[in-house]
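Since this is a predicted model, take the numbers as computed values, not measurements. Just so it is clear, the values below take in all heavy atoms, side chains as well, and ignore hydrogens, waters and symmetry mates. Each chain gets a letter, A, B and so on, in the order the sequences are listed, and its residues count up from 1.
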Amino acid sequence: MDLLQKETVGKKYEKRHIEVFTDLSSPFSEDQLEIIIANLKKTGISLQFFLPFPVDDEEGSGDTGDGQHSDMYRNSFPRKGLTEQQKEGICMVRKLMFALEEEGGLDEIYTFRESLERLSMFKKIERKPMPWPCQLTIGSNLSIRIVAYKSLMEEKLKKSWTLVDAKTLKKEDVQKETVYCLNDDDETEVPKDDLVQGFRYGSDIVPFSKVDEEQMKYKTEAKCFSVLGFSRSSQIQRHHYMGNQVLKVFAAKDDEAAAVALSALIHALDELDVVAIVRYAYDRRSNPQVGVAFPCIKDAYECLIYVQLPYMEDLRQYMFSSLKNNKKYTPTEDQLSAVDSLIDSMSLIYEDDDGETTEDIFKTSKIPNPQFQRLYQCLQYKAFHPDKPLPSIEQHLLEMLETPQEVRERCQAPLEKIKALFPLKVAGKKKEQKTAQDIFKDNNEDGPGTKKANAENEEGSFSIANLAEGNVTAVGSINPAENFCVLVRQKNANFKEVSQQLVNRIEQFLETKGLQYYMKSINCIRVFREEAIKLSEVQCFNDFLQALKEKVEDKTLADFWEILIQDGISLITKDEAKGSSVTSDEAKKELLRSNPSSDTDFCGLDQVTTFVPQFPLL
Amino acid sequence: MSEWMSYYKNEEDEEEEEYPEEVETGGEYKYAGRDSLIFLVDASKDMFEYYDDDEWTPFDMTIQCIRSVYTNKIISSDRDLLSVVFYGTEKHKNSVDFKHVYVLQELDNPGAKRVLELDKYKGDQGKVLFRESFGHNADYSLGEALWACCNLFSDVQLKMSHKRIMLFTNEDNPHGHDSTKAKLARTKAADLRETGIFLDLMHLKKPGGFDISLFYRDIINTAEDEDLGVHTDASSKLEDLMKKVRAKETKKRALVRLNFHLGKDLSLTVGVYSLVQKAFKPSPVKLYRETNEPVKTKTRTFNRETGSLLLPSDTKKAQTYGNRQIVLEKEEVEEVKRFDSPGLVLIGFKPLVMLKQHHYIKPSQFIYPEESFISGSTTLFNALLTKCLDKEVMALCRYTRCRNTPPRFVALVPQEEELDEQKVQTAPPGFHLIFLPYADDKRKIDFTEKVPANDEQVDKMKEIIQKLRFKYRNDSFENPVLQQHFRNLEALALDLIEPEQAEDLTQPKVEAMNHRLGDLVEQFKQLVYPPDYNPEGKAMKRKQGEGAGQTEKKPRMEVSKDELRSHVQKGTLGKFTVPVLKEACRVYGLKGGGKKQELLDALTEYFSKF
């Protein structure tokens, strides 16, 4: 512990965060604890303990560590005789942590096992609390100085993506330009200065300049937090909450009078079971809100919690058929009791035998947002392996989002029962979802302005999902390689026929003699080769390559052939597939010799004669 | 310059403006055609009579109702088509020259002029005007009126997704003595049903009560998904009529339809709806100054070097971390966000009381079963709903809205169907989908030490609260910003000199409050505040500072180059505020984007080069 202390003292000047790995078996001096605590508090250092065993939150009023985790690990770590020293250590740690954080201090103590998991998690994004000082007013004569903080708000990513050029990877190379044009046949461009802004008012469009709008618009006078009145709490419905944040409202700092006044309000609201309806404006430039402020009383603090409520314009009054008054959909008693037992079996509450203490075994608010975890995982991976495809989602991340194992096992029987009792039939197929991106992509590649077809892209993009789609009927010109893959995997696929379609496409591309089509063709050929090996249709491919070579020579596509060789595409050899009789030497030879740059038709003929006798052997 | 100014709008930030980055409108924009709605209004004499001590005649109520639909539509969905048709008039105007059917407004977008036209027929003056312009005649045929409506629908060239007629009348047996006409009406109603036109009856009060079974039971054709199994009562109050009309004026559209997986191979289909959704001020249209015609905006991406146009495939996405640029294909950026296929996956159940009142991050959604993909869904859904209500539990689910959205946890909170006295649905049956926060969404708070109040103080506050109680209703507040905006537009569209000032309901009614409180406030202050205490003291000073802020800020932002460089080297650049960093970026001509981290990156990159 001395070491710990020294280290902490040494470190605190450079780091603001200390992680202590210890088994607590070394002696420590408690007398300096107070000083350490004071120092830590003063310098604002956060402290995390990593211990080889869990620390229970026996006397604490806060949360029990991390719900599910500590529960799991408690079982796997029976307290096998902690030494006295260790027990004392625990006391010290507990004291330390409680001193630092009045509530839920043990949250920052982790077992080694937990920490392994934790460390593979990326840290949650910390934000500095931003105080919003204001006055809570009731009428014009009573005001209470308050300060509010955002307590809950959907966390967004800190960085956004920038667009960079695919080749140079520089964002400066990508520039955007916006032009405005009239809606006539020539699409006459008009300069930006000749534009005014307008608004639709039903069928009319009303010109309404920015200046006028600014002058005539609603003006919020100043920031405010004014009570409009009080209402029974049952009149506020949870599902009507609006906005994107929850504020916690405290009395202003170091103002005892304000604290007492707010406390009186909080307790009065709580005892009467009413809430305050409040007008809230962040500042004079923002729009006013109407919201609810309800009391929240905890051991450590008390506050008002503010959430926005809807305006009349925000409500949609939709009508839905009654479920009660419709005989067709009324469940039978049996069905109801099946659902009843499902609910019981899938309870996420752990109850002690005496039924008094309950514990939530699936606390969603303790789970880190998987989106961030996944993003950082991918970014980290891509930083070191820029050319590899994305890694798959980590297993522990997926598990975190799943029903706990014990519940999953418990509910099997009730689920089976429901399945048996409720007739559920798949009635229609969902419409194929087509995103704009797909459509856009297609258009591009078909269009005359086609740029380089993204060969690298198509290579890895084949997925089982495409198989399931089942809407590919022929090899098209847009994604021939992919189509081909899908088709050959289909049941009762005719490899010959499908490959002939692909060959036709390749020839079609080569007719155009453009580099981008070369790349596309080569991609097709590569896929063709791979599939041929997989499906033992070696002959088909070798035949094709032979024939192609002849064509290439006829049509002066030397440059194309060169690329093909560079890409290492050759006949399929014996080593790769049983069906082939071509040795790797022969395959190489074939490539070199068939290179039209080495001239003469004769050479090509020679090739054919070399190979033709081999085919009947296959 | 204006652009630069708008940068400053968000300073102090951290606290961004209140607009969420992505507005979840989803299904709304999946454009399937326009909704169309015809108001078919009985214009016979009875509609113009006052009953009992009513404030309005049935006709007045109808017109006000229609007007409110018009103005709402202008705000919410100005592309929808509306029309007003009278029957039982002396004069006639319609494409087939039926007698006593007068098409006042063809099916078209709602606009300012149409609203004004409706206004002419309001009140007693309107009644006179109506008699003069159209007259009344009881010799109408409802069948023909429906026929005329039908023609209106078919005359429209646009694609319509939803066709509906709302029939306003207070006559429950219009063709009691004329079986031919009654038969014609029935036949025509059946035709409507076949062509997918819905006919709703907005029946108004008449002496002796409105009896639907006499005639209208066979005529009305409610949409299958709106059947309540009971008929609503006749409306005698404007408020009631409005409620009925509002529930039906927009076609409900699901944001998405997806599978709700109870177990590995046990699922049902549900539609997801938004029952609350922030209404925004519409974005402006760009107009050509000379002609006031709208212009098209085209954005092109091109290569700086070659000037050639770049296709989406020619660009990639990048982020910089620790001086290292990480490049991903666009598809990969999407793939990173992909976890599940769209759907709701049941995790388990928890008691309703465990849903924390303040765990909120974004507006809730609503689910209702859907038979079209998996038949039998409704029964299972109904059983679940019934049991969740019985046992007071909620279902915890993992929710993936579409292909590339990362999952979020949601609580499915059961909602029982609620009807009001008129048997109008006020809460539909189904589950509310409440979004739950992740650990990342919770923020640390620097709370103030509590100083508890004593009982006397609390009791005094209770007295204050009791004086200011009212019944909150979710539709009691209009958005003053939106209302003012549309009044301004209305004034400009109709060439009014001065726009009508919208009443700002969000302002506290200070005088009334002070009056009601009387000396309670003084008493409370005496109990709580020290004699010389002034709660407004400090804030006043701050206000002055704010006023001068605009000019003060400029000089403060200049940070010398050397200073910046040393901060970059030491890695302490982060201590500057966003406006300072923005200014620095501007000075060196760097494009850093709006987020702090991006600005830091830009500056770090710049200074590490030199």
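There is no side-chain donor-acceptor pair under 3.5 Å between Asn369(A) and Asp441(B). Side-chain atoms of Arg316(A) and Gln277(B) form a donor-acceptor pair, as typed in the model, at a separation below 3.5 Å. Looking at Glu490(B) and Tyr201(A), their side chains do bring a donor and an acceptor atom within 3.5 Å of each other. A side-chain donor-acceptor contact under 3.5 Å links Thr506(B) and Arg279(A).
Heavy atoms of Leu346(B) lying under 4.5 Å from chain A belong to its backbone as well as its side chain.
Between Phe294(A) and His358(B), the ring centre distance reaches or exceeds 6.0 Å.
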Show the numbers, then the answer: is there a ring-ring contact (aromatic ring centres under 6.0 Å, His included) between Phe320(A) and Tyr273(B)?
CA-CA 11 Å; Phe320(A) 292 86; Tyr273(B) 302 84; 4.8 Å; yes

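With hydrogens and angles disregarded, a donor-acceptor distance shorter than 3.5 Å links the side chain of Lys253(A) to the backbone of Phe447(B). Between the side chain of Tyr472(B) and the backbone N or O of Ile236(A), no donor-acceptor pair lies under 3.5 Å. In this structure, Glu302(A) contributes its side chain and Lys450(B) its backbone to no donor-acceptor pair below 3.5 Å. The backbone N or O of Tyr288(B) sits nowhere less than 3.5 Å from a side-chain atom of Asp194(A) that would complete a donor-acceptor pair. In this structure a side-chain-to-backbone donor-acceptor pair under 3.5 Å is missing from Lys278(B) to Tyr311(A).
The candidate with the highest count of non-hydrogen atom pairs below 4.5 Å against chain B, out of Gln237(A), Glu256(A), His240(A), Gln335(A), is His240(A). Ranked by heavy-atom pairs under 4.5 Å with chain B, the list Ile305(A), Ile418(A), Asp165(A) is led by Asp165(A). Note: Met216(A) leads Met216(A), Gln197(A), His267(A) in heavy-atom pairs under 4.5 Å with chain B. Of the listed residues (Met312(A), Glu177(A), Arg200(A)), the one with the most heavy-atom contacts under 4.5 Å to chain B is Glu177(A). In terms of non-hydrogen atom pairs under 4.5 Å with chain B, the most contact-rich of Val179(A), Leu182(A), Val246(A), Leu415(A) is Val179(A).
Taking the side chain as every heavy atom from C-beta outward, Thr315(B) and Val164(A) never approach each other to under 4.5 Å. A 4.5 Å side-chain heavy-atom check between Met153(A) and Ile361(B) finds every atom pair outside the cut-off. Annotation: side chain of Leu268(B) is not in contact with side chain of Phe422(A) (no heavy-atom distance under 4.5 Å). Two residues are said to be in side-chain contact when any heavy atoms from C-beta on lie closer than 4.5 Å; Asp446(B) and Pro131(A) fail this criterion.
Under the ring pair (Phe, Tyr, Trp, His ring centres under 6.0 Å) criterion, His239(A) pairs with His432(B), not counting sequence neighbours.
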